[in-house]
Every structure is written in C-alpha cells, then in structure tokens.
Amino acid sequence: MQLSRRTLLMTLALAASARPGTAVAADRAGPATVRANAGALFAGTPASRARPETAARLAAIAATARTHLAALDAAGPGELFRGLPLGTSDPNLNTTYRNLYEIALATRLTGDTATAHRVIDALEELHATYYGDQERGYYGNWFTWEIGIAASVSKTLVLLGDELAAYRPGLTATYLASMDAYLRNGKDGDVDLGSRFHTGANLADITTNRVLQGAATGDDARIAKAVADQLTVYATVEEGDGFHADGSFIQHESVAYTGAYGKNLLTRAVQTIQLLRGTAYTDTTALTSVVQDWVVRGFAPVIFEGWMMEIVKGRTVSRPATGYADVSAVAEAVTDVADTTALRGYLKYLHEASKSPPDPATFVSPLTIVRYADILADASVPAADLAGTTAHAAFPAMDRTVHRRPGWAFALARSSERISTYEYMNGENLTPWFQGDGAHYLYLGGQDQRLAHGVDYFTTVSPYHLAGVTVPVETRRTVPELYGGAFYNNPEAGFTASSEAQNRYVYFPRATNTHSGGARLDTYGTAALVLGDDAAHAAREELPGDFVTYANARATKSWFLLDDEIVVLTAGITDPAGRALTTTLDTRIADPADTLTLTPHSGPPAGMHCAGPDFSMGYLYLAGPHPEAHLRTVTRNRRLIRTANTDTPVTKQVFSLQVVHPPNAESASLAYALLPNATKNQLTEYAHHPISVLSNTPALQAVEHHGRSLLMANTFTPGPHRAGPLTIEGPASVILRSHPDGTLSLAVSDPTRLRARIRITFPGRRLHPVESDEEFAVRPSPRSTRIEATTHHTHGRSLTIHLR
C-alpha cells in the first residue's frame, strides 16, 4: 500500500477534526496507553517473559545491566562508567546514557528500586555536569544531541516513570526542556518539517522519541504533534528522502540507503505502530499496510539469502557487523507486522536460507521473540522469498538494479546528478570513490556472503579494482589523510561538520552525468551509465585552493541482464587527462586456504573459468582486448576503510580480471559476459552462445539474444539509432521481445529523466496495441508503425506495450 500525499493530508485533516467532541476522552487516555505499550514493548509482559524462547533475551538484559553496574562502581574522575571519559566526547556521552537505559530496563524486570534510584541519581548528575549546560553541549555530531541521547533518555523516563515521580518528581520536566533545546535543527524546540535534518529515518527517530516523551509526562498534545509529523514519513515521495514509488529509499537527499537508514526507519515505524495501538492518534492498521509494502517492494529485492546487498548501505559497508545482521533487524521489524501468509513465509525463508539466521535473543522486545517463535513453528506457512528466484528489480529513483536467477543475484550501483557516487562520513568508508560508478556485486547461492562480500571485500580489494568499474591509474588520499580530520574544516568557506557544502562535496557528492537508468520487461532488464566527474571536481574552480578533487575516467556502459548471463558493453573508454585506465570485469575474494582454479577458455569466444570450493564462475570475452587474470594473496587492516574498526588484519585471496588501457590511448571499447555458477563444461558449450553484439559505441549499445528472441538496446545521443528492426529516437533504454504467437512486447524508459517523449519506429510492419500502459500512442501506417511513449514525469520507470 502506497500512502500518497493526498491520502496523507486527508488523514491529517481527519485527525485534526477528531480533536473536539467524543475523541477527546480517548486522546486523554492516550498517554497512559502509550506508556503501557512502551513497557510491554521494551520489557515484555508476564506471559511473554514466561515463554522459554525469551529466556536468552532476559538473561542478556540482566547480564548487560550487571556489566554496566560494575563499570559504574569502577568509574574514575570525569567518568560515570569506567572507560568512558566525559566532557569532550559526544559518543562517550551517548554510550553513557544508553548504559543507563539498559540498567533501567533490567530494573523494570526485577523491580529493584535501589538500582532504579542509582540510575535516577546518575541522570541528575549527568544533566548537572555534562548535558544541561547548553553552551557547553552540542559538540561533535548533531545526531548525538538531537536523536541519540534523546532516544535513551526518553525510554528511561518512561520505564522509570513511577520511581521518578516518587523520588525526583521534577527531573523528567528538566530533561524534556533540555531535549527540546537541543533540537536545534528544529523550530521552537519541536520538529521542523522544512529542515534537511528532519526527514526520512531521522524524522522517524525524533518523532518516536517525542511520542515516548509525551507518554512519560502525560502530554497528549506532544504525542499528537509527533504522530502528525511522523505520518509524513509514510507518504510516497517523488524526490529526496523517503520511500519512492519504485521501492527506492533515499536519505541525505541523494544516498541509496535502504539497508541502513531505511532499515532504521522500518524499525522506528514498527515501534511507533506498537506504541500507538489502542489509541486514537492514528489508524495503525493503515500504517501497517504501508510498512508491509515497504518490505515487499523495498527490502525483499535487496536481500539475498538473508544478506543485505552492498548497493544500499552507504558508508555502513565498512562496518564489520552488517549483511546478515542488517537482515536480522529487518526480520525483527517484519515479525511485528506479519499478519499475512506471505510475510510469515518470508520470515521462515530468511531463517532457513541465511548462513547466519536472525537471532531472536537480539530482538528488542520479548513480545517480538514470542511472535517470531510462533511463526517459525507454524507448519501451515510455507517458506518463500518475497523477491522470487527469477526476477528483475529496477530502482531508478536511486540508480540501483537487482537481477535474480535461481542460485544467484546481480546487484549494480550507478550514480547521476540525482544520486551520490558514494557516501563517506565520520571516518567511515574511507576509500569509496568508485562505488557508484558501475560497481557490481554478484551473490552466488549457498555461499556464506561474509566470506565473499562485506567488510573484508572492501578491506582486501583495491578501491580501484572493484568489480565492474573503469578508473584512472592513480593513488587517491582519504579525507583524514588530506585534511587531518574526519572532514574538511573551513568555516569561512562554508565547510563545517554538518554544513551543506560538506555534504555536497565531501560526504556524498553526486555525479554530474544525467544518463543513468534502464528498461525492464518482465524478468529481463537493461542498465546504462555515462561516466563523468563528481560534483566536487566539477566545482573545482569555485572551491578553496586547499580542497582536493579528483577527475574520473570517461566511458559509456551498458548491462544486459538475462537468464544465464550478464552481458556488459563499455565504449568510449578515455581519459581527458591522458592517464592510464583500468576496467575490472570482476573481482572475487576467497579464504587463503581455499584452492582456486583458473582455467583459460580458448573459445571461440575466449574466456576464463574460475572455481573455488563453494563457487564457480565463467567469463566470456565477446569483443575488445582480453583481460589479464590476477590471483593474489592480500593482507590489509580493517582500519584502512573505517577508523573505528578494530585493529584487525584480514588476509584473502583476491581474483580479478582487468583490462589496462594505456595512457593517451584513443577511445576503446570492451564487451564481455559474466556467467554465474557456470561449470567448465558449460563454458565450453557456450561456444555457440546465443548472444550477438549489435553495436557498442558511445551512441548505441545493443545486443540480441536469439534463444530468447530478445533485442535490448541503450541509446545515448540525440538523433535516430538503428538497433535490429527498430529505429530509436534519442537517448532511451529499450527491450523488445518476440513471442511464438506473433505478438511483440516492448519496454521503454527515459534514463535521462529529461525527455518529454520517446519515439520508436518498426519499419515494414503495421502493428496494433493489444495491451499497454496509458503513456503509449501507436500510429500504424502501411510501411511502418511509430510508437510514442510519453516519458515526462515517469521518473525513469519502464513503460510496457504489447503489440500484434
């Protein structure tokens, strides 16, 4: 269910109109209901705590509290907990508040009043010494002050509400005043929906905190306002932060972020639904439907066998505990809205397919643990992947593509003037430069993805040799190496830790090209990208002299995504600066003890087969220079990609196929195919492959698959382009399929988002529409048929028509 802005506004109007009259009494009871819901959410109920499945979670809560209390007893000067010095470190202050919440949670379970009083005394001390002084506070990351600390404090105030009222009755109000004052990117101590800081997942975090604050103080108005603000997050957006109609999720206005901020938004939204059940603040059933739609269209397509794909994780790809752990958080949220057979079956699928299944002991709520156990035990629900095993998911709003076939999934990251080329921030993802320049991740079924992808992939694989990228041969320096800190600090030029300039040119610069998109027809798809410089290098002359930028290579790239292969065409490979370039066809990692076998394939066409204990890959060289195969044992430290990572050396075998383009070379082209899970025999049989490369130039890239009767084309320049029987006017992505009954299926999209319409001509054929999207107009004539697709405001979406 997509919640449109019109529906959202109607919901808000109904909520406002319900204030007078009969709804007031229910609203007045709302804070008490939210408070009771919060207690059940975080601490469970007597019935849930009595279930054996919650024992591990309850034991973990108790053990965590004991550890924190020991650190509280052993604290030194300037600390509340041992090892967390306070006064200059906002992460330490945030952790200190979180530790107090975790102790408070344990006291809620045990009824230990003395320990509850220790927590309250500590809260008072922290406020008096490190938090209440607004002039001394708000150093470091804005998130700490506006969201992080408030989350721990708000939950603590709710859980210890009775003890606070009896022991320190004024402390809750004192903290609320300070939390409001720290909401400096808001307005008058409240949310500002016009602020770039109060969008998407951040807005959900802030408003969930404020719902809890209203529950702690009995403030019905605070809850109602927070709910109204959070409702805006559920609306489908056309640009910027939030969930888009195609299932994309964006945060920071331009970062593809389903797997991190999107996951956080999912968690907060589900928690808020749980908090509001039984109140009159909003229709939680309608919100549940919206969240379920996010799971089906936004999350399931970017999860493979329980692993969150790298293409939607921004800077968090450099964190060790991601991938399977990300999906555990998604499964936890889905459990609380899984009132359909499909969602319950998906939870069972994630449990069965993952090499590291979700661990209920890590779930926040004992209630969720019980629900999850009941779902897994329900024999009437079959396990099934919501995304399917044969599928193609296009996310044009965030320049991402996912293609699935039994036993593998291919994930592609692109960028444009709409979408960031990468995200770096806070010392995370230190070497990200080419992650949005056509980098791909090929997930093979049955593998433990921690051994093939994740943090160790980015640690041991050179950032210049990510699978799929064409890059200059040069050495780039990280932000800390360039500027001696986690960001470029130049307030006079507008560069501070959270400034718009820092975002635009350091943290997540967009690309400068407009061409990034593709077409989808049933379960087949194309993708296209024109490489260019990022926004920072494009603005080189406007930036301070000590600000460092880097120029990128130039190339036009297409991916044609089929049943047994991914065909990749690259043309116009050049460098304006005359540097040497490399194109990396694929890169894979394996443990040092694994035996990898590389077998050249003489063809035709020539190719390579690479096999390890748990994977098999085939590569065919369709045109252009043959790549060099490299197999090296590499040892690098995880801190090289994230300053907060532990000092952990990682050793991997790194296999890659690379083409080196010499300096000052003329424009080059390259065509190849990736064959996931192909055996050596299958590679040999592919000598009679059904793929023909029709064109590979910077103007037109097209292939034909004879076995599937498919013609697939990406066009890049103005004017007519002839691909097989089609004449395509201007830049477009097109797929044509002929069916045995004589009908044709055609998919068209505008990868530039700039065209009002796209015209395609079939010469010598008089065709009539059988079924089509409303954007098509068909004009048959005796000698040809012209098809016109109106692409204005389609946001890169594929339009489909069936013809006879």
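Index from 1, following the sequence.
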When you check the gap from the basic side-chain N to the acidic O, do [X] and [Y] get nearer than 4.0 Å?
X: Arg196; Y: Glu253; result: no
X: Glu428; Y: Arg315; result: yes
X: Arg753; Y: Glu417; result: no
X: Glu542; Y: Arg540; result: no
X: Arg400; Y: Asp246; result: no

Is the distance between the ring centroids of [X] and [Y] under 6.0 Å?
X: Tyr483; Y: Tyr488; answer: yes
X: Trp142; Y: Phe197; answer: yes
X: Phe547; Y: Phe495; answer: yes
X: His252; Y: Tyr261; answer: yes
X: His453; Y: Tyr443; answer: yes

Under 3.5 Å side-chain donor-acceptor pair for [X] and [Y]:
X: Ser558; Y: Gln701; result: yes
X: Glu310; Y: Tyr457; result: no
X: Thr583; Y: His661; result: yes
X: Thr526; Y: Asn714; result: yes
X: Thr470; Y: Lys557; result: yes
X: Asp586; Y: His440; result: yes
X: Arg632; Y: His630; result: yes
X: His537; Y: Thr549; result: yes
X: Thr401; Y: Arg414; result: yes
X: Ser420; Y: Ser254; result: yes
X: Ser416; Y: Asn513; result: no
X: Ser318; Y: Asn429; result: no

Audit row: Arg554, Asp533, side-chain contact (heavy atoms from CB on, under 4.5 Å) steps and yes/no: CA-CA 8 Å; Arg554 299 292 186 270; Asp533 292 325; 3.0 Å; yes

What's the separation between atom [atom1] in [X] and atom [atom2] in [Y], rounded to the nearest 0.5 Å?
X: Ser695; Y: Arg722; atom1: OG; atom2: CZ; answer: 12.5 Å
X: Thr316; Y: Arg642; atom1: OG1; atom2: CZ; answer: 9.5 Å
X: Leu529; Y: Leu412; atom1: CG; atom2: CG; answer: 8.0 Å
X: Arg476; Y: Leu430; atom1: CZ; atom2: CG; answer: 15.0 Å

Only residue of Arg638, Arg588, Arg319 satisfying salt bridge (charged side-chain N to carboxylate O under 4.0 Å, His left out) with Asp456 is Arg638

Going through the distances and angles, do Leu265 and Val233 end up as a side-chain contact (heavy atoms from CB on, under 4.5 Å)? CA-CA 9 Å; Leu265 172 56; Val233 175; 3.3 Å; yes

Within-4.5 Å side-chain heavy-atom neighbours: [X] and [Y]:
X: Leu631; Y: Cys610; value: no
X: Val506; Y: Val479; value: yes
X: Thr236; Y: Phe243; value: no
X: Phe410; Y: Trp559; value: yes
X: Leu444; Y: Pro676; value: yes
X: Val312; Y: Phe249; value: no
X: Asn637; Y: Thr459; value: no
X: Arg755; Y: Pro731; value: yes

Ignoring hydrogens, what is the shortest heavy-atom contact between [X] and [Y]? Give both atom names and the distance.
X: Pro472; Y: Leu581; value: CA-CD2, 3.5 Å
X: Tyr257; Y: Lys313; value: CE2-O, 3.4 Å
X: Tyr621; Y: Leu657; value: OH-CD2, 3.8 Å
X: Ala501; Y: Gly494; value: CB-O, 3.4 Å
X: Thr790; Y: Thr794; value: O-CG2, 3.7 Å
X: Arg418; Y: Arg510; value: O-NH1, 3.6 Å

Do the numbers put Arg405 on top of the ring of Tyr524, so that NZ or CZ is under 6.0 Å from the six-membered ring centre and no more than 45° off the axis? yes

With salt bridge (Lys or Arg N to Asp or Glu O under 4.0 Å) as the criterion, how do Arg757 and Asp750 come out once you've worked through the C-alpha distance, each side chain's angles and the decisive distance to 0.1 Å? CA-CA 8 Å; Arg757 59 190 58 83; Asp750 172 20; over 6 Å; no

Ignoring hydrogens and angles, tell me if any N or O in the side chain of [X] forms a donor-acceptor pair with the backbone of [Y] under 3.5 Å.
X: Ser749; Y: Gly518; result: yes
X: Asp326; Y: Gly323; result: yes
X: Tyr550; Y: Arg477; result: yes
X: Gln251; Y: Ala201; result: yes
X: Thr752; Y: Leu754; result: yes
X: Arg759; Y: Glu788; result: no
X: Arg404; Y: Pro301; result: yes
X: Thr556; Y: Val530; result: no
X: Arg520; Y: His392; result: yes
X: Asn696; Y: Leu670; result: yes

Report the C-alpha distance between Phe434 and Tyr464 in whole Å, list the side-chain angles of each, state the deciding distance to 0.1 Å, and finish with yes or no for side-chain contact (heavy atoms from CB on, under 4.5 Å). CA-CA 7 Å; Phe434 308 107; Tyr464 314 105; 3.6 Å; yes

Aromatic rings Tyr619 and Phe655: how do their planes relate, parallel, tilted or perpendicular, breaks at 30° and 60°? tilted

Around Glu666, counting heavy atoms of other residues, nucleotides and ligands shown, do more than 12 lie under 6.0 Å from its CD? no

Hey, mind stepping through Leu521 and Arg737 against side-chain contact (heavy atoms from CB on, under 4.5 Å) and telling me if it holds? CA-CA 8 Å; Leu521 180 63; Arg737 189 173 193 186; 3.8 Å; yes

